[in-house]
Amino acid sequence: MTMTDNSTGADVLSTKYQKSVAEYWNKEQDPVNLRLGEVSGTFHHHYGIGDVDWSVLEGPAATRDARIIEEMHRLEGAQSDFLLEQLGDLTAADRILDAGSGRGGTSFLANLRFGCQVDGISISEKQVRFANDQARERGVDDRVAFHFRNMLDNGFPAASFQAIWNNESTMYVDLHELFAEHARVLKPGGRYVTITGCYNDVHGRQPSRAVSQIDAHYICDIHPRSDYFAAMSANNLLPISVVDLTAATIPYWELRAQSSVATGIEEAFLTAYKEDSFHYLMIAADKV
Ligand code: GPP
Ligand code: MG
């Protein structure tokens, strides 16, 4: 069935797994996301990159927590900026797609940067509502719209988009199905970008214990690194740039582990990254 904005849960969520993922995000209200979002009014669902300003730990105790949260939010912003830089030279006439758009953060920053029309899709009705409310509050609802749709069957016409990204959302879907659908709606020569956590299958085709703990925490299914390139090449997506962001994201996790908004998954990320069983990777590809 082709998705439209009138699609119901029964249309959008085709498996028990997808229903449980949607339920998780419909319930999610973690301070690690909401308090960080309140710093600037832009709400993200991804991690941070870049060096931490460790001076935030010093100074008056009464404002220490607020300083840490502000710093973590700055690093999340740096991550979105880095992703958007990989999308190429877009103009206000282009239309772009945020696959797994969460509360809308990266979509709004994309609209600010390029002035172009942005569509975001999510299988969480609550996230879609939150992001559309934000679009109205920001006065950009004529340019930025969020849809309750499934990224494996997005309902947009073929060759609709000049660019598509997944910001930490590929670990919820089969990559072959995802890239087939992306390739369908990308224009020829269009750009695809993902920032993702993937496991290092140089060490074998099973995830480490720490990676399995991350999977269980989020109900996701982290893919091996090689699956990204195999699924891209099978779907006419030609990689142009790959950046290992692992070293750049570790400081965010070290700061997060010391913050009041830690969720308990911090040690698993730090272990996985430091033992080399897991990478934080940016991959950009062109549709041929
Ligand atoms: C972060 O979202 C991303 C995910 C949950 C997907 C898993 C990502 C990997 C790289 C494995 P979030 O910002 O809502 O997470 P948290 O609440 O932990 O900050
Ligand atoms: Mg977060």
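Only heavy atoms go into these numbers, but all of them, side chains included; no hydrogens, no water, no symmetry mates. One-based numbering along the sequence shown. Atoms within each ligand, like the ligands themselves, are counted from 1 in listed order.
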TODO: Could you tell me the residue and atom name of the protein heavy atom closest to atom 19 (O) of ligand 1, and the distance to it rounded to 0.1 Å?
DONE: R256 NH1, 2.9 Å
Task: Where ligand 1 meets W25 - atom numbers and elements under 4.0 angstrom, heavy-atom basis - done: 2 (O), 5 (C), 14 (O)
Task: Y172 neighbourhood, listing ligand 1 atoms whose heavy-atom distance to it stays under 4.0 Å - done: 5 (C), 6 (C)
- [ ] Tell me yes or no: between the side chains of H182 and N235, is some donor less than 3.5 Å from an acceptor?
- [x] no
TODO: Could you tell me whether the side chain of N150 and the main chain of V12 form a donor-acceptor pair under 3.5 Å?
DONE: yes
Open item on the list: Applying ring-ring contact (aromatic ring centres under 6.0 Å, His included) to Y192 and F161, what does each step give before you reach the verdict?
Closed with: CA-CA 10 Å; Y192 172 67; F161 298 104; over 10 Å; no
Open item on the list: Within the 3.5 Å criterion, strictly below it, is a donor on N26 or S124 matched to an acceptor on the partner's side chain?
Closed with: yes
- [ ] Taking 2.8 Å as the upper limit, name the protein N, O or S atoms near the Mg ion (ligand 2).
- [x] N33 OD1
- [ ] Identify, for atom 2 (O) of ligand 1, the protein heavy atom at the shortest distance, and state residue, atom and that distance.
- [x] H45 O, 3.4 Å
Open item on the list: If the cut-off is 4.0 Å to any non-hydrogen atom of N33, which atoms of ligand 1 fall inside it?
Closed with: 12 (P), 13 (O), 14 (O), 16 (P), 17 (O), 19 (O)
- [ ] For atom 3 (C) of ligand 1, find the nearest protein heavy atom and state the residue, atom name and distance (0.1 Å precision).
- [x] E168 OE1, 3.0 Å
Task: Protein residue, atom and distance nearest to atom 18 (O) of ligand 1, heavy-atom basis - done: Y218 OH, 2.5 Å
Open item on the list: Do F179 and Y228 make a side-chain contact, defined as non-hydrogen atoms from C-beta onward lying under 4.5 Å apart?
Closed with: yes
- [ ] Assess the side chains of T196 and T170: does a donor N or O sit below 3.5 Å from an acceptor N or O?
- [x] yes
Open item on the list: If we set the cut-off at 4.0 Å for heavy atoms, which region of I265 has an atom near ligand 1: side chain, backbone, both, or neither?
Closed with: neither
Task: Atoms of ligand 1, numbered as shown, that sit under 4.0 Å from any heavy atom of V32 - done: 16 (P), 17 (O), 19 (O)
Open item on the list: Tell me the protein heavy atom at minimum distance from atom 11 (C) of ligand 1, and give that distance in Å.
Closed with: I222 CD1, 3.8 Å
- [ ] Compute the minimum heavy-atom distance from Y24 to ligand 1 and say whether it is under 4.0 Å.
- [x] no
Open item on the list: Whether the side chain of R149 engages the backbone of S7 through a donor-acceptor N/O pair (distance < 3.5 Å, no angle test) should be reported.
Closed with: no
Open item on the list: Ignoring hydrogens and geometry beyond distance, is a side-chain donor-acceptor pair present between Y280 and Q79 at under 3.5 Å?
Closed with: yes
Task: For atom 9 (C) of ligand 1, the protein heavy atom that lies nearest, with its residue and separation - done: M171 CE, 3.5 Å
Open item on the list: For atom 4 (C) of ligand 1, what's the nearest protein heavy-atom neighbour? Residue, atom name and distance, please.
Closed with: Y47 OH, 3.7 Å
Open item on the list: Quick one about T263 and R256 (side-chain donor to acceptor, distance below 3.5 Å, no hydrogens or angles considered), yes or no?
Closed with: yes
Task: ring-ring contact (aromatic ring centres under 6.0 Å, His included) between F269 and H217, intermediate numbers included - done: CA-CA 11 Å; F269 273 90; H217 181 84; 8.1 Å; no
TODO: Measure from the side-chain N and O atoms of H46 to the backbone N and O of E76, and report whether any donor-acceptor pair falls under 3.5 Å.
DONE: yes
Open item on the list: Do S241 and R191 pair up side chain to side chain, a donor and an acceptor below 3.5 Å, judged on atom types alone?
Closed with: no
Open item on the list: Test of understanding: given a 4.0 Å heavy-atom threshold, classify the contact between H46 and ligand 1 as side chain, backbone, both, or neither.
Closed with: backbone
TODO: May I ask you to check whether T106 and D98 show a side-chain donor-acceptor distance below 3.5 Å?
DONE: no
Open item on the list: At less than 4.0 angstrom from any non-hydrogen atom of G197, what atoms of ligand 1 do you find?
Closed with: 10 (C)
